[in-house]
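Letters go in sequence order (proteins before strands), and every chain restarts at 1.
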Amino acid sequence: MTTLDEKSIYGPVTSWKTDFDHADPSYNENAHEIWSELRGTCPVAHTERYGGTWLPVTHDLVHEIAYDTEHFSSRGVVVATVKPSDLPDAIPAPIGGAPPITSDPPFHQDARRILLPAFSPKTIDLWEPEIRLLCRELIADMKAADVVDAATQFAQHIPVNVIARMLGFPPEDGAVFRGFVHDVLEAINLEPGKRAEAFMALDSYIAKQVQDHIDNPRDDLTNFLLNAKIYDQPLSLQHVGGSIILLLIAGIDTTWSAIGSSLWHLATNPVDRRRLVDNPALMPTAIEEFLRAYAPVTMARVVKDDYNFHGNEMKQNDWVLLPFPAANRDPEEFENADQVLIDREVNRHAAFGLGIHRCLGSNLARLELRVAVEEFLAAFPDFELAPDEVVKWSVGQIRGPRELPVRINARTL
Amino acid sequence: MKVQVDQSKCQGHNRCYAIAPELFDVDDMGNAFAIGDGVVEPHLAEKARLAVANCPEYAISIVE
Ligand code: HEM
Ligand code: SF4
């Protein structure tokens with residue numbers, strides 16, 4: 001695995017309001033407290049880090065920016081020391097390096113339409129038996145251990161295996177993919193040169209896989225993209241590679257985090273765990289509530305031109321974080337926003353984003369999350385955080401437990 | 001009572017289809033539409049209201 005070593009170029013955070021750093025390890029650990037404090041004082045925090053970054057924390061503001069493609073571009077969606085405007089050979093808006101997530105209108109919709117059918121609910125439902133089998137295999141591999149790591153031995157492997165199968169990539173490269181995902185999403189505060197190196201390694205891995213699919217065509221998403229057309233022309237190899245990178249990166253840490261956070265909740269809330277075991281009919285509302293309360297994904301936008309956003313003087317090329325997870329905890333939008341209610345029936349959450357970039361993989365992510373929770377609970381109806389061990393949370397825009405040691409108190413195996 | 005989906009707002013979150021498959025279906029692009037002419041039988045009225053209340057894009061409305 002070619003994982004970058006972590007050395008932030010920034011020092012410790014002095015104020016969450018004026019000097020925040022979402023890649024400081026204490027941010028994700030204390031995210032809910034930080035958002036609620038900011039919501040009460042200033043709804044838009046700012047930092048000079050990463051060349052200038054804004055953080056709006058209310059549902060209204062997040063919603064407004066997600067819909068406003070006129071002032072905010074998706075050209076960069078991961079805040080990092082390197083900005084799209086720093087890269088002379090970056091693919092400009094409205095296409096961007098990884099369509100459709102980096103694309104703006106009008107191109108965005110055309111690139112998105114290519115992928116939508118492959119991720120529609122009816123196509124995705126066909127994967128359920130395979131995902132269930134995968135979960136059962138992972139559980140069987142954990143055997144009879146008293147303490148298992150629900151993040152590294154279970155949650156992590158589910159999205160990696162599924163997307164490798166969909167793209168037709170070697171499943172044994174799972175660790176390689178996770179290394180790339182780490183480099184793109186977590187190693188964001190490094191020297192710009194190091195980050196560029198990591199991206200080159202990713203590009204050359206993808207180029208190799210794409211070449212293999214050109215030489216040996218098969219029935220998978222990679223060949224589907226190679227055969228797809230836009231404006232009556234085949235997609236450029238750059239577009240194909242960018243979309244593949246997107247699918248690889250977008251689905252792994254995100255889903256792993258959603259599964260991990262849900263299991264963390266069940267490990268720390270025995271009443272909810274028992275209710276779900278006794279009454280599986282609660283599963284649909286429970287899954288939506290886990291997605292709301294522990295939404296794993298914060299996206300970003302780039303300010304197109306200097307813009308005064310509700311009194312905040314945003315400068316061209318500033319970053320703006322879009323914390324859908326903070327929107328989901330806004331008491332103006334949700335009753336008892338800070339309580340996790342697994343039977344919450346009215347739950348208009350934004351875990352999968354809002355507006356034109358709605359998560360293309362949301363049907364797949366929901367399926368993986370539900371099946372993973374069902375199978376884990378079926379095998380281990382009673383578990384709790386392992387005493388004397390620590391839960392380790394991710395850093396950066398995707399929030400979830402990276403290490404989740406749990407002690408199994410009852411098993412059905 | 002009738003439900004309708006505003007196609008210009010629907011982004012395919014599929015919450016409506018999950019909550020009330022009796023009332024909503026999705027096309028190949030994952031966008032939702034009301035089944036038939038959108039008429040809601042009385043026993044499905046509560047589900048219709050829940051679909052409205054859970055659509056993240058405020059795309060569903062109840063008419064009449
Ligand atoms: C629980 C797991 C997941 C969450 C919470 C999540 C969340 C999100 C969010 C919030 C966006 C919006 C991006 C924006 O506004 O800029 C997004 C976009 C996207 N997601 Fe996911 N995602 C998850 C899993 C997946 C999976 C499994 C896949 C596919 C394998 C995927 C593929 C995508 C793609 C392709 C986009 C870009 C859509 C566009 O720009 O039109 N995601 N995701
Ligand atoms: S819940 Fe709303 S956005 Fe989602 S498919 Fe239904 S109508 Fe469309």
Query raised in the report: Quick one: what part of B/Y17 sits under 4.5 Å from any heavy atom of chain A, side chain, backbone, both or neither?
Result: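 Side chain only.
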
Query raised in the report: What part of B/N14 is in contact with chain A, defined as an atom under 4.5 angstrom from a non-hydrogen atom: side chain, backbone, both or neither?
Result: side chain

Query - A/H32 side chain near A/Y294 side chain, heavy-atom distance below 4.5 Å - result: yes

Part of [X] lying under 4.5 Å from any heavy atom of chain B:
X: A/I356; result: both
X: A/R112; result: side chain
X: A/Y67; result: side chain
X: A/P117; result: both
X: A/Q109; result: neither
X: A/H349; result: both

Report task. Flag the one option from A/P121, A/S362, A/P284 with the top tally of heavy-atom pairs under 4.5 Å to chain B. Result -> A/P121

Report task. Name the option with the most non-hydrogen atom pairs under 4.5 Å to chain B; the candidates are A/G355, A/S120, A/G353. Result -> A/G355

Query raised in the report: Does the B/E57 side chain pair with the main chain of B/C10, one donor and one acceptor, at a distance under 3.5 Å?
Result: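 No; zero donor-acceptor contacts below 3.5 Å.
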
Query raised in the report: Does one side chain, of A/H357 or A/S74, offer a donor that lies under 3.5 Å from an acceptor on the other?
Result: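 There is such a pair (donor and acceptor under 3.5 Å, judged by atom type) between the side chains of A/H357 and A/S74.
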
Report task. Please determine, by modelled atom types, if A/D104 and A/T69 share a side-chain donor-acceptor pair under 3.5 angstrom. Result -> no

Requested in this report: Identify the two heavy atoms, one from A/S243 and one from A/P99, that lie closest to each other, and give their separation to 0.1 Å.
Outcome: OG-O, 2.8 Å

Report task. For the residue pair A/H59 and A/H63, categorise the inter-ring angle as parallel (less than 30°), tilted (30 to 60°) or perpendicular (more than 60°). Result -> parallel

Requested in this report: Take A/I114 and A/F224 through the test side-chain contact (heavy atoms from CB on, under 4.5 Å) and record every step on the way to the result.
Outcome: CA-CA 9 Å; A/I114 297 171; A/F224 169 82; 4.2 Å; yes

